[in-house]
> 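Quick one: the structure is below, questions incoming.
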Amino acid sequence: MPGAVLGIVAALIPWLSFRDNRLAAGQPVGLIDAPNPVLSALILLVWLVCCALIFVRPGRRVDALLAVIGAVMLPVTLLAAGVGASHLLDGAPATARVSLGPGAWLSLAAAYVVLHAARSRLTTRPILRFVVSAAGPFAILLIGIAGGFDDLSLMREYASTAQRFSTEVARHILLATSSVLIGATIAVPLGILATRSKRVEKPVFAITSAFETVPSLALFGLLMAPLSLLSYAFPMLREIGIRGVGAAPALIALVIYSLLPIVHNTYAGLRQIDASTLEAARGMGMSRRQVVWRVEFPLAAPVVGTGLRTAAVQAIGNTSVAALIGAGGLGHFIFQGLGQAAPDLILLGTLPVIGLAVIVDVSLGALIHAITPAGLKLEAEH
């Protein structure tokens with residue numbers, strides 16, 4: 001199994017990086033050299049067991065065991081890193097830092113590979129699938145609350161910017177959410193119009209596709225000049241926050257980027273409906289409005305929802321770039337870390353963006369599944 005091999009390789013390369021200060025070059029510390037031999041031996045033993053399971057006849061019990069191992073190794077890897085950091089910093093100067101090395105990151109990747117591969121085969125055990133998926137993140141959260149990671153450099157960066165971090169997370173979520181909601185109110189009607197009129201279809205797709213090809217930073221820059229001119233021409237706009245930099249150009253750009261996936265999926269969702277289905281609805285005496293609300297929209301909703309899902313995940317990522325024009329968000333930490341050559345500060349902005357994207361993707365995926373008509377679910381299964 002690739003995950004088990006990755007885990008063994010991870011145990012043989014630098015696990016942590018010790019630095020005298022935030023900007024100094026790191027000194028690699030291997031798992032075997034780590035101050036806590038019990039955890040080190042446990043991690044190596046677990047990966048060896050995973051390798052041994054490759055030669056065991058596959059079955060539900062083996063898959064369940066591998067899924068549990070993957071779920072356990074996620075928090076155990078970080079716990080070993082946190083314990084190792086505490087030992088390395090004991091007696092070190094206050095400026096010293098300990099960061100995760102390539103071995104720790106590779107071990108986390110290996111745990112995820114093992115967990116995902118085993119979980120995908122547990123199709124007949126949904127409860128176990130949910131438990132092994134939630135156990136790792138929940139254990140990591142508990143260990144973090146208990147202070148098990150406080151000596152890692154990443155957590156020290158968080159501790160020094162905790163108040164600013166909360167503010168920027170809120171701004172990031174607000175910008176991304178607002179852009180998708182505004183984009184949906186524009187894109188869904190455009191998608192509906194495109195299905196009804198060939199004249200509307202071509203320009204709508206041409207314009208939204210053209211905007212999608214413009215790099216995000218370039219689009220932010222293109223919006224700065226006209227918004228600056230407008231704010232100077234109409235001072236009232238400056239009073240409500242519309243100017244060349246800040247949230248206004250960022251929000252407009254993010255709305256523009258959200259249009260194409262929503263328009264495309266709205267169009268595709270309505271076009272995929274079989275004409276005979278609509279004819280049957282009209283034959284039953286339904287009015288035009290009833291056909292739209294009771295037949296077309298319910299059947300198109302899963303596809304439209306997928307467009308919203310794509311736009312939302314895309315917005316989470318693009319909002320990071322908005323920090324360059326003063327809009328705030330988690331990109332503030334990413335670009336500050338790049339400017340200061342501080343990798344842990346970059347991670348402080350990057351990891352929450354990834355986490356938000358995953359949460360949004362999984363949540364909207366569950367919502368789409370819930371609103372999908374039962375008939376479509378059965379058709380998809382067969």
Side-chain angles (χ1 to χ4, degrees), residues 6-47 72-112 136-166 168 330 332-355:
L6 285 177
I8 292 177
V9 173
L12 301 176
I13 62 178
W15 193 265
L16 298 171
S17 177
F18 177 82
R19 293 172 289 167
D20 292 328
N21 56 65
R22 188 189 197 192
L23 303 179
Q27 303 171 22
V29 179
L31 178 64
I32 299 173
D33 303 324
N36 193 306
V38 176
L39 272 176
S40 302
L42 175 63
I43 290 170
L44 188 56
L45 177 63
V46 168
W47 290 129
V72 169
M73 286 305 294
L74 287 171
V76 167
T77 295
L78 291 175
L79 179 61
V83 171
S86 299
H87 282 283
L88 289 170
L89 292 175
D90 189 19
T95 56
R97 297 293 181 96
V98 177
S99 303
L100 295 178
W105 290 114
L106 191 58
S107 182
L108 289 171
Y112 174 78
F138 184 69
I140 290 171
L141 178 63
L142 290 181
I143 296 170
I145 293 173
F149 311 134
D150 286 354
D151 288 322
L152 289 171
S153 180
L154 179 63
M155 295 306 297
R156 289 197 171 188
E157 293 288 359
Y158 168 75
S160 63
T161 59
Q163 187 172 359
R164 180 67 183 270
F165 182 82
S166 301
E168 298 303 344
L330 290 164
H332 166 80
F333 301 105
I334 296 173
F335 295 112
Q336 188 179 46
L338 288 170
Q340 299 177 9
D344 289 299
L345 192 57
I346 298 172
L347 287 173
L348 185 63
T350 304
L351 293 178
V353 170
I354 296 171

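Atom set for the values below is all heavy atoms of this structure, side chains included, hydrogens, waters and symmetry mates excluded. From a predicted model like this one, the values you see are computed outputs, not experimental measurements.
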> Distance check, rounded to the nearest 0.5 Å: L347 atom CG versus L100 atom CG?
8.0 Å
> Do R156 and L89 come close enough that some side-chain heavy atom pair is under 4.5 Å?
yes
> With rounding to the nearest 0.5 angstrom, report the CG to CG distance, L330 to L348.
8.0 Å
> Give me the atom names and distance for the closest heavy-atom approach of L44 to A11.
CD1-CB, 3.7 Å
> Considering only residues two or more places apart or on different chains, which pairs with a residue in residues 74-90 satisfy salt bridge (Lys or Arg N to Asp or Glu O under 4.0 Å)?
none
> Is there a side-chain contact between D344 and R19, using heavy atoms and a 4.5 Å cut-off?
yes
> With salt bridge (Lys or Arg N to Asp or Glu O under 4.0 Å) as the rule and sequence neighbours excluded, what pairs involving residues 73-82 come up?
none
> Anything under 30° is parallel, anything over 60° is perpendicular, the rest tilted; go ahead and classify F165 against Y158.
perpendicular
> Do L154 and F149 come close enough that some side-chain heavy atom pair is under 4.5 Å?
no
> In Å and rounded to the nearest 0.5 Å, what is the OG1 to CG distance from T350 to L345?
9.5 Å
> Looking at P75 and G136, what are the two nearest heavy atoms and their distance?
CD-CA, 4.1 Å
> Do the side chain of T77 and the main chain of M73 share a donor and acceptor less than 3.5 angstrom apart?
yes
> Atom CD of Q336 and atom CD of E168: how far apart are they, to the nearest 0.5 Å?
9.5 Å
> Any chance you could measure L74, atom CG, to S107, atom OG, to the nearest 0.5 Å?
8.5 Å
> Using 0.5 Å steps for rounding, measure from the CG atom of L88 to the CG atom of L16.
6.0 Å
> What are the two closest non-hydrogen atoms of G7 and A110, and how far apart are they?
N-CB, 3.5 Å
> Tell me, with the steps shown, if I43 and V76 meet side chain to side chain contact (heavy atoms under 4.5 Å, CB included).
CA-CA 8 Å; I43 290 170; V76 167; 3.8 Å; yes
> Evaluate whether atom OH of Y112 has more than 12 neighbouring non-hydrogen atoms of other residues, nucleotides or ligands under 6.0 angstrom away.
no
> Evaluate the side-chain proximity of L78 to I143: yes if any heavy-atom separation is below 4.5 Å, no if none is.
no
> Quick check against the 3.5 Å criterion: does T95 have a side-chain atom that pairs as donor or acceptor with the backbone of D20?
yes
